[in-house]
Amino acid sequence: MGRWEYLAVLGACVLVTLPIELAGARVYRRPGRLARAVLPVAALFLVWDAFAIAGGVWHFDAAFVSGLRAPFGIPLEEVLFFVVIPVCGVLTYEGVGLTGRLLRRWRRGRE
């Protein structure tokens, strides 16, 4: 898979958590709230990445990234990582809350 592996894993993360949204988590339906939760942290880590790349602390093997780069030499996959993984985390968190609410509603209905 090589060059597309990182993107494929990120895509799989989105696909695996998509049913949580479809079940009613409503994360994607509140984009402003999601952006306020994800973007500040993503920006911080992207700055950190830029410094680490510039300082030679780490690099990304060209065999495993698409070759598309954001400013400061950050691979597109790394930028997407800092957005996709937190979004999937928020979806999972909301899914757990949704499950709890549904279970409480079900239990009340049985009483």
Side-chain angles (χ1 to χ4, degrees):
M1 197 176 284
R3 296 175 64 93
W4 305 107
E5 193 168 347
Y6 200 162
L7 287 173
V9 169
L10 292 174
C13 290
V14 171
L15 288 177
V16 166
T17 57
L18 186 59
I20 300 169
E21 176 68 17
L22 299 175
R26 299 175 47 115
V27 170
Y28 292 138
R29 295 176 210 159
R30 296 178 282 191
R33 186 176 182 184
L34 182 60
R36 286 190 305 274
V38 171
L39 294 182
V41 177
L44 176 70
F45 279 104
L46 286 169
V47 169
W48 179 357
D49 255 13
F51 277 110
I53 292 167
V57 175
W58 66 67
H59 73 283
F60 296 89
D61 190 334
F64 296 103
V65 292
S66 65
L68 299 171
R69 301 237 173 210
F72 308 105
I74 301 171
L76 171 66
E77 293 84 352
E78 187 74 351
V79 174
L80 292 175
F81 173 83
F82 289 127
V83 174
V84 168
I85 299 304
V87 167
C88 292
V90 170
L91 266 168
T92 302
Y93 179 80
E94 289 293 326
V96 169
L98 174 64
T99 302
R101 289 189 301 275
L102 291 174
L103 283 173
R104 284 190 294 278
R105 190 178 309 155
W106 179 73
R107 286 180 184 143
R108 279 192 301 253
R110 292 190 63 191
E111 293 174 352

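Values in this document were obtained by computation on a predicted structure and should not be read as measured data. Below, all heavy atoms of this structure are taken into account, side chains as well, without hydrogens, waters or symmetry copies.
Under the 4.5 Å side-chain heavy-atom criterion for Ile, Leu, Val, Met, Phe, Trp and Tyr, I74 and V57 are members of the same hydrophobic cluster. Each of V14 and V16 belongs to its own hydrophobic cluster when Ile, Leu, Val, Met, Phe, Trp and Tyr are linked at side-chain heavy-atom distances under 4.5 angstrom. Cluster annotation: V79 and L68 are assigned to the same hydrophobic cluster (Ile/Leu/Val/Met/Phe/Trp/Tyr, side-chain heavy-atom contacts under 4.5 Å, transitive). Using a 4.5 Å cut-off between side-chain heavy atoms of Ile, Leu, Val, Met, Phe, Trp and Tyr, with links allowed through other members, I85 and L44 fall into different hydrophobic clusters. The hydrophobic cluster containing L76 does not contain L39, counting ILVMFWY residues as joined when their side-chain heavy atoms lie under 4.5 angstrom apart, directly or transitively.
In the hydrophobic clustering, where aliphatic and aromatic side chains (Ile, Leu, Val, Met, Phe, Trp, Tyr) are joined below 4.5 Å either directly or transitively, V47 groups with F51.
V41 has its side chain out of reach of F82: every pair of non-hydrogen atoms, C-beta onward, lies at least 4.5 Å apart.
With sequence neighbours left out, T92 forms a side-chain hydrogen bond (donor to acceptor under 3.5 Å, both in side chains) with no residue at all.
Within 6.0 Å of OH in Y93 there are 12 or fewer heavy atoms belonging to other residues, nucleotides or ligands. For R33, the CZ atom counts as loosely surrounded, since its 6.0 Å shell holds 12 or fewer non-hydrogen atoms of other residues, nucleotides or ligands.
Between V87 and Y28, the closest heavy-atom pair is CG1-CE2, 3.6 Å. What you find for R69 and P75 is that their closest heavy atoms are NH1-CG, 3.4 Å. For the residue pair R30 and A25, the shortest heavy atom distance occurs at NH2-O, 3.3 Å. The minimum heavy-atom distance between C13 and C88, with the atom names listed, is O-SG, 3.4 Å. Between L7 and L80, the closest heavy-atom pair is CD2-CD1, 3.6 Å.
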Checking side chain to side chain contact (heavy atoms under 4.5 Å, CB included) for the pair D49/F72: CA distance, chi angles, key distance, verdict? CA-CA 9 Å; D49 255 13; F72 308 105; over 6 Å; no
Candidate pair Y6 and V65, rule side chain to side chain contact (heavy atoms under 4.5 Å, CB included), full reasoning: CA-CA 7 Å; Y6 200 162; V65 292; 4.3 Å; yes
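With rounding to the nearest 0.5 Å, the separation of CD in E94 from CG in L34 is 10.0 Å. The distance from atom CG of L22 to atom OG1 of T17, rounded to the nearest 0.5 Å, is 10.0 Å. Separating the CG atom in D61 from the CZ atom in R3 is a distance of 10.5 Å, to the nearest 0.5 Å.
At distances below 3.5 Å, at least one donor-acceptor pair connects side-chain atoms of E77 with backbone N or O atoms of S66.
Screening residues 12-27 for salt bridge (charged side-chain N to carboxylate O under 4.0 Å, His left out) gives E21-R29 as the qualifying pairs, with residues at least two apart or on separate chains.
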